[in-house]
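Below is one structure, written out as C-alpha cells; comments come after it.
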Amino acid sequence: MATLTASKKPSQAILEEYCSSNSNTTSGTTSPSSLESPTAEIDKDPLAQQKGVQLPYPFLPTCLAKHDSHFIERRARQFPADLKLPLLPPESACAVIDAQDKDTPDSWVTRDSRLVRLTGKHPFNAEARIRDLYTAGFITPTNLFFVRNHGAVPKVDFERAEKWELKVHGLCANPTTFTLANLRTRFRVVTLPITLVCAGNRRKEQNVVAKSLGFSWGAGGVSTALFTGVYLADLLEYVRPTKGAKHVVFEGSDDLPNGPYGTSQLLSWARNKSKGMMLAWAMNGLPLEPDHGFPLRLVVPSQIGGRSVKWLARIELSPIESQHHLHFHDNKVLPTTLTAEQARAEKHWWYDPRYLIRELSVNSAIAYPNHDEILDTSLHAPGSTYALRGYAYAGGGRRITRVEITLDEGSSWRLAQITYFEDAFREVEEEDFGVDPIYGVLGTNEQGENCFCWSFWECEATMEELKGAGSIMVRAMDESLAVQPRDMYWNPTGMMNNWWFKVCIHDLGDGQLRFEHPTMAGTQPGGWMQRLKDQGLDPAYPRFAKGEDAKAPTVLEVSRPAALTIVMTNPDVKRTISREELESQEGKEKAWFVVNGEVYEGLGFLEKHPGGAPSIQLVAGEDATDDFLAIHSPAAKQQLADFHIGTLVSSPSSPPSTSEKETDDLGPGGTFLHAKKWKKIELIKLGVVSHNAKIFRFALDHDEQALGLPTGMHVYVRIRRRGEGEGEIVQRAYTPLSDAQNTKGFLDFLIKIYRPCPEFPLGGRMSVEFDRLVVGDEIEVKGPVGHFEWLGHRTAQIHGHSMPIDEIGFVCGGSGVTPILQVVRAIFNETSSEDAEIPDVWVLDVNRNVDDILCREDFERLDEVHGSGRLKMHHSLTGKDVPNDWKYSTGRPSEEMLRAHLPAPGENKLVCICGPTTMEQTVKTLLSKIGWDLEKQIVLF
Ligand code: MTE
C-alpha cells in the first residue's frame, strides 16, 4: 500500500480498497446523503480544516450492516509498512445475536461470545479473558474490548446516526449544534492510540475480601484502541467559552433510571490538547460499535473510563461540575474506614469532591502464566527459562518507568523489560503519515511526551526458580515514582484496586507446576483468594512462601481492618458447646443455632423475628451461617451478639452436623420440599405477565412429584446474586402461584419485578435476581415455612392452634396475592364435594394501576366455577391512571374501605394481610381501630 501524503486527496482506489475489504458492512444500504458525503460541505465551509478525510459511506458498525455469516472479518486499512506501526488486529465481529441478549433491550447488538459477562444478561458489562486480551496484542480488537454499560445501548440506526446532533451550549460565545459531518469537516481529524480502563478493573479481588458495592471485574477491564475523531480543545476554541465557565459537562443519550449518563472535566484540562481529549467516531479504523458509543463518544486518555462518555449528545460550558447522578454516585474511592453499607446509607460521602477519581493510578497484571496453566519443568533443559508476561499502565499521561517481579513475596525483586508500543506512533514524522482518509493525522505532536497507553512487560525466570517459588508477584512504578502497594486499599466501591498482582504456584510433583491467579472475572469460580477465604485464611494477607520461608498464615477476621468486620459475638461469653449439646432436646427447644462457629439462642427472639418463629425453628440445632449471612443487614448482624451463648467445639465423639449427615432428600410421602435442606430447581419456562411481572416455572424431581406445601404456607427461595453484588445470596419467602395441592412435577412463581428506579435505585434485590434468570438456571428452595395453614372444612391453623372460620377476609397488594390465591382456591375447591360448607370470602386487592393487578382472571374464574358469588372481590387503585369505567375504589386502604369490603369483626372471623410492609402495617392499625383483635384475628403472611 502506498504511503499517504498530505497533498494528495485520497484516491478512489484507496477508498474502493477499503470499501471492498468491508463489503459486508456496506451492502444493502441506501444512497449517500450530503451529510455523510462531506465533500460538498468541505467546499462550502470556510472553516474546513482538512481536505483529506473521506469516510466510506455509510460508516456503520457490524450489527447495522447486513450479513449472513456468523463471524464477519472486518479489516481496517493497515498503515503503510514503512511507518513501522503496530498491526491493526482483524475484527472478528460476531454477526449473530447472543441468546442471552434475545429478550433484552439490546437484542439488536452483536457481541463476541468470548467476552465474560459480569452482570448476567443485562445490562452488558463484559471483559475478555486476560490471556485473550494479552495475546490480541497492543491494540485490542474491538470485539474483545471491555464494555461497561450502565443501561441499555441507545438504539441508533442509520437514520438516527445520520441526524445525530451534538449540542454545545452554556457559557460560550458561539453555541453550536454539530452534526458528525460538521465535526469532521470543521476540525482537524486526528487518530491516537488510547488505553481505556474501568475504575473497577480487578475489583473481584476486593470483593472476595469483603463485598463492595460493585460487580466483579477481573483484570480484563482494560483495553486499547486507535480512536479517531477531533480534539475537544479545537471544538472548545470554536465555541469560545466565556467568563465564569469552569467545567465542561458531557451527557450521553442513554436512558438510565436516574437520567442520562453524564460527567464533567475541568475546562482548563479540556482545553489542553496535550491531554488528548477527543470526540471520536471510529475505533481501530472502523465505526464505533454500539457498545462503545456509536455514533459519537468522548475519549479521555489517562483518566478512568467512566469519564469517556458514550453516545455523546450534549456538552455544556458551566460554572459548576456535572450534576448528573452518576457523576456523584459512581467513580469514587471513598475512605477504607467506611463499610459498603455505610457508604450506601450515608449520602454525604459521595458529594465530597476529594473522593472523585480522575486520573488512573499505576497498575499491572500477569497474563503469563495464565490461571490453571501447567508448566512441566521436567521437559525443559536445566537453566532454560519461562517468560513471565503482562501489562502495566499509569494515569495522567505518566510513563511506566519500571516493572518489577518478585518470586519471594517482596524480599527481592528483578526488573522486567518494558515495551512501549505507543512510542512507535510518536516516532512517525507528520509528513510521512500525511492525511489519511480514515485516520486523518496522528495526534502525537500535540500529545508530546504524555503516555496514553498500556505497556507490555516481560521477565525471564528459570525453571529452577519457579520450582523453588511459592508465587510470582508484579508491581509497576510510574514517572511520579508512584508504585503499586503490597496491601490492598479496600474501599466501598471496590475501585482502583492496584495492590501487587499475585499468582500462586502449586508444585504438583514430578516437576509439574500449576499457576493460580487471584480471582476469575465475574461469577466464574477459581482463584487463590476465594480458596484461602474458604479455608478461614485472610485473602488480603496471603502467604505463599514454601518450606522454612513460610510465615504463619494470616487467619481471616484477625487481621481484617476493624471497619470491615461486624462483631457478632459477645466477648464476655466463654462457654463452649459441643455438637451433641447443640443438637440435644434443649438445643432444639431453645432454638440454638450456629453462625460462623458461634452458638446463639433464638428462643427469646422467636416472637419478634420479622420472618416469623419458624424461620428460626427451622435451623434449630443446626449451622445457619449461609442463610443468616445472606439475608440479614449489618444492623441485624450486630444484634446477634445479644443472643450469643457460646462457641461450638467439636469433640471426637461428635456426630457430623445435620447438614453434613446423609439426610433423606424428600419431604413427607416423597414430596419435593424438604424442611431443612436447600434443594435445587431448574427454570424450565418463563412467561411474561406484564411489564413488571413474570411467571417462572421450575421442574421438581420428576413429573409425578407433588410439591408438599400445605395451603397457606410458603417456601424459602434463595438465589446467588449475579449482577451488582455478585456471589452474595439473597433469600425470601414466596408462595407458588401453581395450585400447590393438585399440581405435579413443577411449581410456578409469579414475581413482580421491582426494577431500579429513582426512589429505589437498587430495585428489589430478590426480584431483580429473578429478572436475570434464563431457562436452564437453577435456584434453591426449602420449606414449608409459615404460621398459617388452611386445613379445610372451615378450619384454619394459626401458630399451631385450630380455629373455626365462618368468614375470612384478605387484604393484599402486588404479588402478595399469590398466598391468598392458594387459600381461596383450596376453599372453593371444597365446593366440589356434596356436603361442602365453606366460609364467606372477601378479598381486597390494592395496586397502583390496572396493569399491576395480578391473577385477576384466576379469582374471577374461581368464583364463576365454584363460588357462585360467594367471593366478594374488590380492588383499589392508588396510582393516577384510573380508567374511566373503573367501578371499584381508588386510593390506599382507609377505614371506610376496610369496613365496606371485609367482614365485620366478630367470632370465627379472620383477616389475612399480604403485601408491601407499609401497607401491611397501615391495614393492621386500621383493623384494630375497627375492632379486630390483632393477636387472634389478624394474620400477616
Ligand atoms: N457513557 C454512557 N453514556 N453510558 C455509560 O454507561 N459507561 C462509562 C463510560 N461511558 C458509560 C459511558 C464507563 S464506567 C466506562 S468504564 C466506559 O464508558 C467504558 O467504555 P467502553 O464500554 O467503550 O469500554
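Index from 1, following the sequence.
A donor-acceptor contact closer than 3.5 angstrom links the side chains of E598 and T647. A donor-acceptor contact under 3.5 angstrom links the side chains of E205 and W499, judged on distance only. Q530 and T519 form no side-chain donor-acceptor contact under 3.5 Å, judged by distance and modelled atom types alone. For the residue pair T569 and H644, no side-chain donor N or O sits within less than 3.5 Å of a side-chain acceptor on the partner. Using a 3.5 Å distance cut-off with no hydrogens or angles, the side chains of E516 and H506 do pair a donor with an acceptor.
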**Request:** Apply the test side-chain hydrogen bond (donor to acceptor under 3.5 Å, both in side chains) to residues Q741 and T711: give CA-CA distance (whole Å), side-chain angles for both, the deciding distance (0.1 Å), then the verdict.
**Result:** CA-CA 7 Å; Q741 307 316 311; T711 306; 3.1 Å; yes
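Between F770 and F698, the angle of the ring planes goes over 60°, which puts this pair in the perpendicular group of the 30/60° scheme. Ring orientation note: the planes of F810 and F941 are tilted relative to one another, at an angle of 30° to 60°.
Remark: D703 does not engage K744 in a salt bridge, criterion side-chain N to carboxylate O under 4.0 Å. The pair E778-R720 does not count as a salt bridge, with every side-chain nitrogen at least 4.0 angstrom from each carboxylate oxygen. Ion pairing between a basic and an acidic side chain is recognised when a charged N comes within 4.0 Å of a carboxylate O; D507 and R514 show no such pairing.
Of the residues V781, L747, V715, the one that meets the side chain to side chain contact (heavy atoms under 4.5 Å, CB included) test with F672 is V781.
Atom CZ of R718 and atom CE of M766 lie 10.5 Å apart (nearest 0.5 Å). Put simply, CZ on R697 and CD1 on I681 are 12.5 Å apart, with the number rounded to the nearest 0.5 Å.
Between Y355 and W350, a ring centre-to-centre spacing not shorter than 6.0 Å is recorded.
Side chain of Q524 to main chain of A521: a donor-acceptor pair is present (N/O by atom type, distance under 3.5 Å, no hydrogens or angles). Between the side chain of N491 and the backbone N or O of M495, at least one donor-acceptor pair lies under 3.5 Å. A donor-acceptor distance shorter than 3.5 angstrom exists from the side chain of Q342 to the backbone of T339, with no hydrogens or angles considered.
Using a 4.5 Å cut-off on side-chain heavy atoms (C-beta onward), Y716 and W678 make contact. For the pair E409 and M473, the minimum side-chain heavy-atom distance is below 4.5 Å.
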